[in-house]
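Here's the structure, in structure tokens; my notes come after.
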Amino acid sequence: MNIDWNAFTPGSALLGGVLIGLAVALLVLGSGRIAGISGIVGTALSALSRGAPWAGQRERWAFIAGLLGAPLLWHAWASLPATHVDTDPLTLVIAGVVVGFGTRLGGGCTSGHGVCGLSRLSLRSLVATAVFMLTGVATVFVLRHAF
């Protein structure tokens, strides 16, 4: 494994972590809701499909707007990092479906379990985070070394 030390940006990583923590704290203190992105998006889209997108969902839509707007705001002051996706669109769609299935199966996503659940000392979140981290490590190992 090689580390590109020129691309190591601890300042932006620290700022990102602080902003995530602040957003999570503001959401739980302001509305009593946990900031699990899959749950927030799923509930907001469910309300949208029922024809009541704003009924009790304002905080959710504000959180989603913040997630989408933050990179645009960052781009106003600094350049966005270069991205390179080394796979075809079908693989990305399949990966998205598998992740969506996993968030339903695990009762939450990486942000809900990894950030919010662990900070609340939830045993369920500890197990879920360990499982998805180990699954990620195993997947990368198999795809990089076995194929």
Identify whether [X] and [Y] are in the same connected component of the hydrophobic contact network (ILVMFWY, side-chain heavy atoms under 4.5 Å).
X: Val140; Y: Val99; answer: no
X: Phe63; Y: Leu68; answer: yes
X: Leu48; Y: Val41; answer: yes
X: Leu118; Y: Leu123; answer: yes

Quick one: does [X]'s side chain have a donor or acceptor within less than 3.5 Å of a partner on [Y]'s backbone?
X: Thr129; Y: Leu126; result: no
X: Arg120; Y: Ser125; result: no
X: Ser46; Y: Gly42; result: no

Side chain to side chain, Leu15 and Trp74, heavy atoms closer than 4.5 Å: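 Side-chain contact under 4.5 Å: yes.
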
Residue pair Ala44 / Trp61: nearest heavy atoms and the distance that separates them: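 Ala44 and Trp61 have their closest heavy atoms at O-CZ2, 3.5 Å.
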
Taking every non-hydrogen atom, the tightest pair across Ser38 and Gly108: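 It is OG-C, 4.0 Å.
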
Interatomic spacing from CD1 in Ile40 to CG in Leu45 - rounded to 0.5 Å: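 The CD1 atom of Ile40 sits 12.0 Å away from the CG atom of Leu45.
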
Pairs flagged by ring pair (Phe, Tyr, Trp, His ring centres under 6.0 Å) wherever residues 91-144 is involved - sequence neighbours left out: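 Found Phe141-His145.
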
Partner residues of Thr135 under the side chain to side chain donor-acceptor pair (under 3.5 Å) criterion, sequence neighbours left out: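 None.
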
Asp88: partners by side chain to side chain donor-acceptor pair (under 3.5 Å), with sequence neighbours left out: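 For Asp88, the residues satisfying side chain to side chain donor-acceptor pair (under 3.5 Å) (neighbours in sequence not counted) are Thr91.
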
